[in-house]
There are 6 protein chains.
Amino acid sequence: MSTDTPQHDFVWEQIRHESASLADREPLLASHLHATILNHKSLENALSFHLANKLASPTLQATSLMELFWNVFDADAFVRDAIRADIQAIVDRDPACDKFSTPLLYFKGLHAIQSYRISHWLWYHGREELALALQSRISEVLTVDFHPAARIGKGLLLDHATGVVVGETAVIGDNVSMLHEVTLGGTGKERGDRHPKVGEGVLIGAGSKLLGNIHIGDFAKIGAGSVVLDDVPAHTTAVGVPARIVGRARADNPAQAMDHRLLINGGGI
Amino acid sequence: MSTDTPQHDFVWEQIRHESASLADREPLLASHLHATILNHKSLENALSFHLANKLASPTLQATSLMELFWNVFDADAFVRDAIRADIQAIVDRDPACDKFSTPLLYFKGLHAIQSYRISHWLWYHGREELALALQSRISEVLTVDFHPAARIGKGLLLDHATGVVVGETAVIGDNVSMLHEVTLGGTGKERGDRHPKVGEGVLIGAGSKLLGNIHIGDFAKIGAGSVVLDDVPAHTTAVGVPARIVGRARADNPAQAMDHRLLINGGGI
Amino acid sequence: MSTDTPQHDFVWEQIRHESASLADREPLLASHLHATILNHKSLENALSFHLANKLASPTLQATSLMELFWNVFDADAFVRDAIRADIQAIVDRDPACDKFSTPLLYFKGLHAIQSYRISHWLWYHGREELALALQSRISEVLTVDFHPAARIGKGLLLDHATGVVVGETAVIGDNVSMLHEVTLGGTGKERGDRHPKVGEGVLIGAGSKLLGNIHIGDFAKIGAGSVVLDDVPAHTTAVGVPARIVGRARADNPAQAMDHRLLINGGGI
Amino acid sequence: MSTDTPQHDFVWEQIRHESASLADREPLLASHLHATILNHKSLENALSFHLANKLASPTLQATSLMELFWNVFDADAFVRDAIRADIQAIVDRDPACDKFSTPLLYFKGLHAIQSYRISHWLWYHGREELALALQSRISEVLTVDFHPAARIGKGLLLDHATGVVVGETAVIGDNVSMLHEVTLGGTGKERGDRHPKVGEGVLIGAGSKLLGNIHIGDFAKIGAGSVVLDDVPAHTTAVGVPARIVGRARADNPAQAMDHRLLINGGGI
Amino acid sequence: MSTDTPQHDFVWEQIRHESASLADREPLLASHLHATILNHKSLENALSFHLANKLASPTLQATSLMELFWNVFDADAFVRDAIRADIQAIVDRDPACDKFSTPLLYFKGLHAIQSYRISHWLWYHGREELALALQSRISEVLTVDFHPAARIGKGLLLDHATGVVVGETAVIGDNVSMLHEVTLGGTGKERGDRHPKVGEGVLIGAGSKLLGNIHIGDFAKIGAGSVVLDDVPAHTTAVGVPARIVGRARADNPAQAMDHRLLINGGGI
Amino acid sequence: MSTDTPQHDFVWEQIRHESASLADREPLLASHLHATILNHKSLENALSFHLANKLASPTLQATSLMELFWNVFDADAFVRDAIRADIQAIVDRDPACDKFSTPLLYFKGLHAIQSYRISHWLWYHGREELALALQSRISEVLTVDFHPAARIGKGLLLDHATGVVVGETAVIGDNVSMLHEVTLGGTGKERGDRHPKVGEGVLIGAGSKLLGNIHIGDFAKIGAGSVVLDDVPAHTTAVGVPARIVGRARADNPAQAMDHRLLINGGGI
């Protein structure tokens, strides 16, 4: 694989450095760390190896998947950048994670996003059936259901990840943070554009349901457990079932701040 | 298996026709399509094969499960009809799905319902322990937890499906649509009839929790993210935490319309 | 394994007695019951066997995990007591369960708690990396995400369990009942103490999100689908998005009563 | 499967009777015995189940193989008779085996013969490639290499079986006994008829190599470790490297007698 | 497991010492070495772990086998001694092996002998059916077919091992060396004592077939490819098809010398 | 992988052409043929994929092996040539094989040789332990036991292959044909050069044992079932136990002619 990775691949170097140290400290995992990370020449190879082993089934062997994933990563520079941005987003925003290797090895949110990115490439390169097979497998193994046709920016944090659903015509901007059990769903039976459009830097709390072709403005915040059926302006906070706007978002960049509290006019709820 | 399938089995013929075409277009999946669909003489055989491979474990081999599933399908004409109605429901109501083969191959909601239908038959034919073992395996693999004793009509759409929970004494009428993370739960420790009774043509939005021995009338709609603790009359819409009735349902048949918006007197919420 | 189990181990004796009877009635499961339960000398051995088979992966072989789990159970008397209290809690509080063997064999909530208890021991005995690997595997297989550092009392009922998330600095008292899709989450990026503290005997309804370093008093009740961002006093009921206190809890011990209805001053909501 | 098995299927009834008794005595194997034997309606179904589980690979799933094997057994009455004759041969001739169930469950010689019989049917029904795939898998799993095109009679005993090789144009009569490491090989590069023709009731000792289009007469005996390059008349014994005729066979039916001693004129060698 | 291993267990200490060094040099195998050897407290535990993983099948899970093997090793001091003698024999006699860990990790001859020793214990403790299931699995996986009832001394070297067959009433003395494809077979259909009795320190060359209730005297040598049908006196060499005595064995202890040449009166054959 | 395969890779083109045709004719194998052959850019990639899937174990994942094998093939031009010569040898010499794809897909002799070639490279590049692990796995899965240190030329045909053993210091020239159960063994316990040296174009019949540091001259023939303890001159035929020279080989190139008959002075034996 001739992937043209950057000469100074900071994320990959951190991951290798951490893994070598971990392999020394935990012998039960040493070979796993070698096989998954240290044996590989690039982050793309390591990720292909790891995802292929996770998603393999009697229908799709790990070895076939690994080659397929390499080819996709090799073909798409956007995806290669996005992998690094997604890992960096976790280290920047998740206080329980202080290593670059931890999400690569253990976070099913990251695994699901990168697997979706592969299915997305397949979908737009004439292999819709294989994309659907992959989507189905991601949903079974990782309980995250992204339609391959959805369009997702870089720097997405999918924290905990269980139960996330993102529909066919959904769009997610750069640097969004979404907690588990978030839905970007459609409404009605009409085909065509029917799912939410989420702007840059948005934070969506755990369990929130955003339904229909609505717009969530940049740097908006959706409180946990909300049901959003209408547009949410930029820099505002929406909360409730159904959701209403309760004020300006506390932080300039809610996705970065990861603050789920709901300050309205300086008070808490 | 001498299953007396209808002479003109429209759903099965569609599935076979589509699969032959897909096998030509995607060689990585060709054998899978042959093994899962084209090699079989009936929809029941194909489904037994597919579910057995998904639910197999060290405890229950795929070959044992396949034979067990054949026998159940062979014994129960209601289940044979329900399989076709459930597939037809998806094609009719899910705008992201325009093939009959797609849900059979890839939708864990359909897989969970049909697996439940088998566990239900076992439960009422003196094999409760095997039914519980199957329920447990469905919950692990497909993250859908239907108690085998629950009673469920035909034409159920279980969209996305992750996290659905349906309790022991729940009843679901024909042609219901339920989104992911819906719960039909009990309340309190008393044994006996303690779970919701859901009428025909009801639509239940993502994440809604219906708790206790309450009645949801025919063609009612439950908004996403609602918590329903009381009866909901037919043709009305309930929404909120806890839910209240907000008006008449927008559509005559909400499960069919799949419209999650909450119009009251012509306005949106 | 020299585990010093009590001379009269009531829970274990019940499980063995029930399993022998089940093995006679359901031949397809007879060997499984023998292998999982009847062949073992103690509940700890049986549980190690069962969990190891569930959580095994190409990275962590079942045989390695089984030995590891034995060693942890052998080392920690608190965990040995807690296993029994957790099983007893299910039999006491879940009306769909009238056997001690059923949760051990089939309930992924119980499997997730006991697996967490092992990861917790590893975390506090210098093997954080192995604890994270185990957490990741529990989240994949059982869709329950407990951080190994969280502190959890005895007698926890995790009913249905899909989608439960418990953060790094969360604390859960004894005899708590939590339904599926409950989150004890953090808020903000600050490290340090940032997750809920849940008192004794609390009942948390399905889908509720408790966020931040808040205190839920003893014997409080959180209604299903609620979003709790502030302290909840002992013996009170909180409900809504965001949640507010709606009155005194109906039962003296809500976790025990498992009553999800929301009576205020004698009336229903 | 509508296989028209005999009304009184003695072999199958013996196997079922023995298995029920064994399941009671050895709990670790009880479910295995149920799954492999007691759950099935016919010997053909049981054998399909057992062989499919043995020969399954990532390329050929057990469930696919089981259906394929059923279809072959259903189509070919000769094979159905031969299965019973092969099992009866073992019970009649192998002093270490006094049960009908033992070879079905445990003898790889029997497993290899029946798997070959399936590959043979495929070869002569236009599916040579699948026959070769099956031959390859039999050789890997059971270390027995029968070319699918070879023609083999009923009542073949393949004792111990490791390393047996039978070439493309070989013919084996009814009621032959062959020990392990026997080769019926070709010589030279010419295509066409180039392998041994073995008559009825022949006994071939362990490790013997029979090479070329030679004829072994009915009821002949080939001593262990012999290399046979020329015809061997009926009722004679051949021995040595290369083999020579050392006299009349000691028994009228060597395959039945299983006597590997080499008496010549009343003396031993 | 309270196995009373010797205070200074030289073989086990060597194996641990070598494995620690190997784990440092070959990262791809490091975790394997830890899991198989370094994590264990005794040679018996390590061997149980390793054999259970090799012989596991859908019928017999690795975790079940591991516990079974521990129990057998715990119950039988002879077997515990024999394991060490068998490993020492390989290091003493096989010039291609200079480590104690190599046979434990990689030699299927050693794996087959120790697995047989377990099946032998089961056979004589009332679990014949399980012994036969184990024999069958050893023959499939390791292509070595020892009947569980055979009696085998300590210090057996089974070099390369493929195709070895040892019958029900065979007896093998201490410190014997047998190459691959050796058969100790019966002759005739009579039950009862019908297999070879092999004395101490005997060397049996590759491919030799010993048939019938014959006696091979102490320190005799059987040339490769021989067929032995009669007694062989102590300290002599037999060779040929059928074998004849060609003189005194070249070495006082042929099994130890491993010299397969056939010098008679100073000349070669 | 930048393997510099020849511009016109005749063997690989044949394999691809045949596989495309087979995939059309046998749908059960179509995906397998695509995954194993048609998806790959080079013979080396296809072979790495296929061998990795065969030799994978809980210790060595298929994905790790595939990458390892690619790297070895990439590093060693001799091995790349030898793969093609070995396949060509089968098509030239085996009358039962008229396709280039058949040995690649189905012949365990070819699989064993190429796996050995990888282990050989590892042995001489400082990874002896990994080479031994691979040798052990080849012996288990393919029942062929080549010591990684042995030196083997191009164009080796290993027909049927079960039970072949080749020792540490053995040398095999170009274009040799060896049947199953052939041993190139040592004799005695001295380390150092102790195994046979086999010249070019030699044919070794099934079951023959060649023992000690002897020389087999170019184009010699060893009859089936022979035991060879002394040098065999070029162009001669040796046969018997122990073997003696019986005359000039019938063919100028016995390995090519594959004629196992033993004509001496125009007569047969």
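Letters A, B, ... mirror the listed sequences (proteins, then strands); counts begin at 1.
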*Asks:* Considering only heavy atoms and a distance below 4.5 Å, find which of E:Gly205, E:Ala206, E:Gly163 pairs most often with chain F.
*Replies:*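 Heavy-atom pair counts peak at E:Ala206.
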*Asks:* Determine the option with the most heavy-atom pairs under 4.5 angstrom with chain F, choosing from E:Ala257, E:Ala251, E:Ala35.
*Replies:*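 Among the listed options, the one with the most contacts to chain F is E:Ala257.
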*Asks:* As a quick check of understanding, evaluate salt bridge (charged side-chain N to carboxylate O under 4.0 Å, His left out) for E:Glu26 and F:Arg127, giving each step before the final call.
*Replies:* CA-CA 7 Å; E:Glu26 180 52 81; F:Arg127 304 185 77 177; 2.8 Å; yes
*Asks:* Is the count of non-hydrogen atoms from other residues, nucleotides or ligands lying under 6.0 Å from F:His125 atom NE2 greater than 12?
*Replies:*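 More than 12 heavy atoms, drawn from other residues, nucleotides or ligands, come within 6.0 Å of this atom.
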*Asks:* Given that the side chain runs from C-beta out, which part of F:Leu211 has a heavy atom under 4.5 Å from chain E: side chain, backbone, both or neither?
*Replies:* side chain
*Asks:* More than 12 heavy atoms of other residues, nucleotides or ligands under 6.0 Å from CG of E:Asp252: yes or no?
*Replies:*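 Open.
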*Asks:* Side chain from CB out, backbone as N, CA, C, O: work out which of these in F:Glu181 comes under 4.5 Å of a heavy atom of chain E, or both, or neither.
*Replies:* both
*Asks:* Considering only heavy atoms and a distance below 4.5 Å, find which of F:Arg191, F:His147, F:Arg194 pairs most often with chain E.
*Replies:*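 Answer, by heavy-atom pair count under 4.5 Å with chain E: F:Arg191.
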*Asks:* Heavy-atom distances under 4.5 Å only: say whether E:Thr102 touches chain F with side chain, backbone, both or neither.
*Replies:* side chain
*Asks:* Mind checking the OG1-CG spacing from F:Thr143 to E:Leu142? Nearest 0.5 Å is all I need.
*Replies:*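 The OG1 atom of F:Thr143 sits 11.5 Å away from the CG atom of E:Leu142.
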*Asks:* Does the side chain of F:Ser136 reach to within under 4.5 Å of the side chain of E:Leu105, using non-hydrogen atoms?
*Replies:*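 Not touching, per the 4.5 Å side-chain cut-off.
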*Asks:* Using non-hydrogen atoms only, which part of F:Glu168 is less than 4.5 Å away from chain E: side chain, backbone, both, or neither?
*Replies:*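 Side chain of F:Glu168 only, per the 4.5 Å heavy-atom cut-off to chain E.
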*Asks:* Looking only at heavy atoms, which two atoms of F:Pro242 and E:Val239 are closest? And how far apart?
*Replies:*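 Heavy atoms only, the tightest pair is CD-CG2, 4.2 Å.
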*Asks:* Kindly compute the distance separating CZ (E:Arg261) from CD1 (F:Ile214), expressed to the nearest 0.5 Å.
*Replies:*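 With rounding to 0.5 Å, CZ (E:Arg261) is 11.5 Å from CD1 (F:Ile214).
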*Asks:* With only heavy atoms counted, which part of F:Arg137 is less than 4.5 Å from chain E, the side chain, the backbone, both or neither?
*Replies:*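 Neither the backbone nor the side chain of F:Arg137 comes within 4.5 Å of chain E.
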*Asks:* Which distance, rounded to the nearest 0.5 Å, do you find between the NZ of E:Lys54 and the OG of F:Ser57?
*Replies:*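 If we round to the nearest 0.5 Å, E:Lys54:NZ and F:Ser57:OG are 7.5 Å apart.
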*Asks:* Going by distance alone, is a donor N or O of one side chain under 3.5 Å from an acceptor N or O of the other, for E:Tyr106 and F:Glu129?
*Replies:*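 Yes, because at least one side-chain N or O of E:Tyr106 sits under 3.5 Å from a partner of the opposite role on F:Glu129.
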*Asks:* Can you tell me how far apart NZ (F:Lys209) and OG (E:Ser208) are? Round to the nearest 0.5 Å.
*Replies:* 9.0 Å
*Asks:* Which answer fits E:His180, side chain, backbone, both or neither, if we ask what part of it has an atom under 4.5 Å from a heavy atom of chain F?
*Replies:* side chain
*Asks:* Charged N to carboxylate O below 4.0 Å: is that the case for E:Arg25 and F:Glu128?
*Replies:*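 F:Glu128 and E:Arg25: not salt-bridged.
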*Asks:* Based on non-hydrogen pairs under 4.5 Å, which of F:Ser64, F:Gly212, F:Ser139 is most in contact with chain E?
*Replies:*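 Option with the top pair count is F:Ser139.
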*Asks:* Can you tell which of E:Asn53, E:Asp98, E:Leu203, E:Val241 has the highest number of heavy-atom pairs within less than 4.5 Å of chain F?
*Replies:* E:Asp98
*Asks:* So do the side chains of F:Leu130 and E:Leu29 get within less than 4.5 Å of each other, counting heavy atoms only?
*Replies:* yes
